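Below is one structure, written out as structure tokens; the observations come after it.
Heads up: numbering here begins at 1 and tracks the sequence. Remember, it's a predicted structure, so these values are computed and weren't measured experimentally.
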Amino acid sequence: MLKAPIVMVNFKLYPQASGKNAVKLAKIMEKVSRETGAEVAAVVNALDYHAVKDSVNIPVLLQHVDAVDFGAHTGRINIELAKEHGVEAILINHSERQLKVSDIEFLVSKAHTLGIETVVCTNNPSVSAAIATFNPTYIAMEPPELIGGDVSVSKAKPEAITETIQAVKKVSDVPVLVGAGVKNGDDVRRAIELGAKGVLVASGITKAKDPEAALRNLVSGLM
Ligand code: G3P
């Protein structure tokens with residue numbers, strides 16, 4: 001379902017991308033994808049999942065699931081429940097929602113069994129290599145200090161991209177996405193030139209005055 005090269009937009013809990021606005025933004029993404037042929041995916045919270053999924057024809061990922069079985073767990077959701085709700089792909093271990101390594105292994109392994117695709121976030125090359133041994137669908141490397149900022153990972157830390165790709169290649173063929181501070185097509189182009197298979201972006205789209213124009217600009221870097 002998640003075809004490279006791809007732009008994944010993490011809606012986080014930005015008001016511009018939550019509730020009714022989540023559906024609105026996802027529809028903009030679908031339009032841009034249809035008109036440009038670019039692969040884009042929306043990463044949404046569990047409450048907004050169905051409304052978004054039922055409104056658009058682009059891949060929709062859950063932002064997080066907990067590494068628990070069914071049982072006495074208040075305020076948690078698990079991957080089996082996600083499967084029951086038709087979820088086909090999940091993002092886990094975002095820097096704003098980190099998991100223990102053992103929990104990542106547990107979730108990726110369950111996802112394999114359930115036929116769910118996984119995007120596992122990491123913060124640097126060595127952690128990326130360690131996670132690659134679990135064989136998720138994608139690794140998304142984001143230097144935490146650049147998240148939400150104005151300078152992209154491709155400009156501020158190109159070496160982190162190349163080192164991550166090299167480190168991951170040594171252990172598996174898991175494709176690598178990169179993110180943090182990505183704002184335009186040039187940032188995406190540089191990431192792709194360095195070997196990334198796409199980007200994970202949030203504020204560059206969710207907080208843009210004109211999200212459609214911002215996304216069009218961004219996906220131009222995939223071509
Ligand atoms: O998940 C994507 C994210 O952490 C990057 O955020 O705002 O720097 O694009 P941003």
Are Phe70 and Val65 linked, directly or through other ILVMFWY residues, by side chains that come within less than 4.5 angstrom of each other? yes
Of all heavy-atom pairs between Ser203 and Gly148, which one has the smallest distance, and what is that distance? OG-CA, 4.0 Å
Evaluate the criterion side-chain contact (heavy atoms from CB on, under 4.5 Å) for residue pair Val178 and Thr164; output intermediate values, then yes/no. CA-CA 9 Å; Val178 296; Thr164 297; over 6 Å; no
Quick one: pull up CE in Met8 and CG in Asn10 and give me the separation to the nearest 0.5 Å. 10.5 Å
How long is the gap from CE on Met141 to CG on Asn124, to the nearest 0.5 Å? 8.0 Å
Shortest non-hydrogen contact from Pro59 to Val40? CD-O, 3.3 Å
Between Val168 and the options Thr122, Val174, Asp173, the side chain to side chain contact (heavy atoms under 4.5 Å, CB included) test singles out Val174
Do Leu81 and Phe106 sit in one hydrophobic cluster, given that two such residues count as connected whenever their side-chain heavy atoms are within less than 4.5 Å of each other, even indirectly? yes
From Arg97 atom CZ to Cys121 atom SG, the distance as rounded to the nearest 0.5 Å: 13.0 Å
Distance-only, no hydrogens or angles: does the Asn184 side chain make a donor-acceptor pair with backbone N or O of Leu218 under 3.5 Å? no
From CA spacing to verdict: side-chain contact (heavy atoms from CB on, under 4.5 Å), Leu61, Glu117: CA-CA 9 Å; Leu61 292 85; Glu117 296 189 63; over 6 Å; no
CD-CZ distance between Gln63 and Phe11, expressed to the nearest 0.5 angstrom: 9.0 Å
Could you report the tightest heavy-atom contact between Gly185 and Ser220, atom names first, then the distance? CA-OG, 3.9 Å
What is the distance from atom CG of Asn45 to atom CG of Leu62, rounded to the nearest 0.5 Å? 8.5 Å
Enter the distance from Thr206:OG1 to Leu215:CG here, rounded to the nearest 0.5 Å. 11.5 Å
Using a cut-off of 6.0 Å, state whether more than 12 heavy atoms not belonging to Asp54 lie near its atom CG. yes
So does Ala4 get a backbone contact from the side chain of Lys197, meaning a donor-acceptor N/O pair under 3.5 Å? no
Given 3.5 Å as the limit, does a donor-acceptor pair link the side chain of Asp48 with the main chain of Ser18, or not? no
Can you tell me if CZ on Arg76 sees more than 12 non-hydrogen neighbours from other groups inside 6.0 Å? no
Is a donor on one side and an acceptor on the other found under 3.5 Å between the side chain of Thr113 and the backbone of Ser109? yes
Would you please test Val120 and Ile92 for side-chain contact (heavy atoms from CB on, under 4.5 Å) and show each step? CA-CA 5 Å; Val120 181; Ile92 53 170; 3.9 Å; yes
Please give me the minimum heavy-atom distance between Glu159 and Thr162, naming the atom from each residue. O-OG1, 3.1 Å
Strictly distance-based, threshold 3.5 Å: is any side-chain N or O of His112 a donor or acceptor partner for the main-chain N or O of Asn135? yes
Joint cluster assignment, Val188 & Val9, ILVMFWY side-chain distance < 4.5 Å: yes
What pairs of residues pass the salt bridge (charged side-chain N to carboxylate O under 4.0 Å, His left out) test when at least one of them lies in residues 127-156, not counting sequence neighbours? Glu145-Lys157, Lys155-Asp186, Lys155-Asp187
Decide yes or no on side-chain contact (heavy atoms from CB on, under 4.5 Å) for Ile116 and Lys83, but give the supporting numbers first. CA-CA 8 Å; Ile116 290 178; Lys83 177 75 183 177; 4.0 Å; yes
Is it true that Glu212 and Arg216 have a side-chain N and a carboxylate O under 4.0 angstrom from each other? yes
Does the Glu80 side chain pair with the main chain of Asp69, one donor and one acceptor, at a distance under 3.5 Å? no
Spell out, as yes or no, whether a donor-acceptor pair under 3.5 Å connects the side chain of Lys209 to the backbone of Ala214. no
Is there a continuous path of hydrophobic side-chain contacts, each under 4.5 Å between heavy atoms, that joins Tyr14 to Val182? no
Tell me if a side-chain donor or acceptor on Thr118 pairs with a main-chain N or O of Thr137 at a distance below 3.5 Å. yes
For Ala38, does its backbone N or O pair with a side-chain atom of Ser33 as donor and acceptor, under 3.5 Å? yes
When every non-hydrogen atom of Pro125 is compared with those of Ala160, the smallest separation belongs to CG-O, 3.9 Å
Would a 4.5 Å heavy-atom cut-off, applied to side chains only, mark Ser95 and Ile147 as touching? yes
Indicate the atoms forming the closest heavy-atom contact of Ser154 with Ile161, along with that distance. CA-CD1, 3.8 Å
Determine whether the aromatic ring centres of His50 and His85 lie less than 6.0 Å apart. yes
Given the rule that I, L, V, M, F, W and Y join up when any side-chain heavy atoms are under 4.5 Å apart, are Val32 and Val52 in one cluster? yes
Test your reading of the model: is there a side-chain donor-acceptor pair from Asn21 to the backbone of Pro15, 3.5 Å cut-off? yes
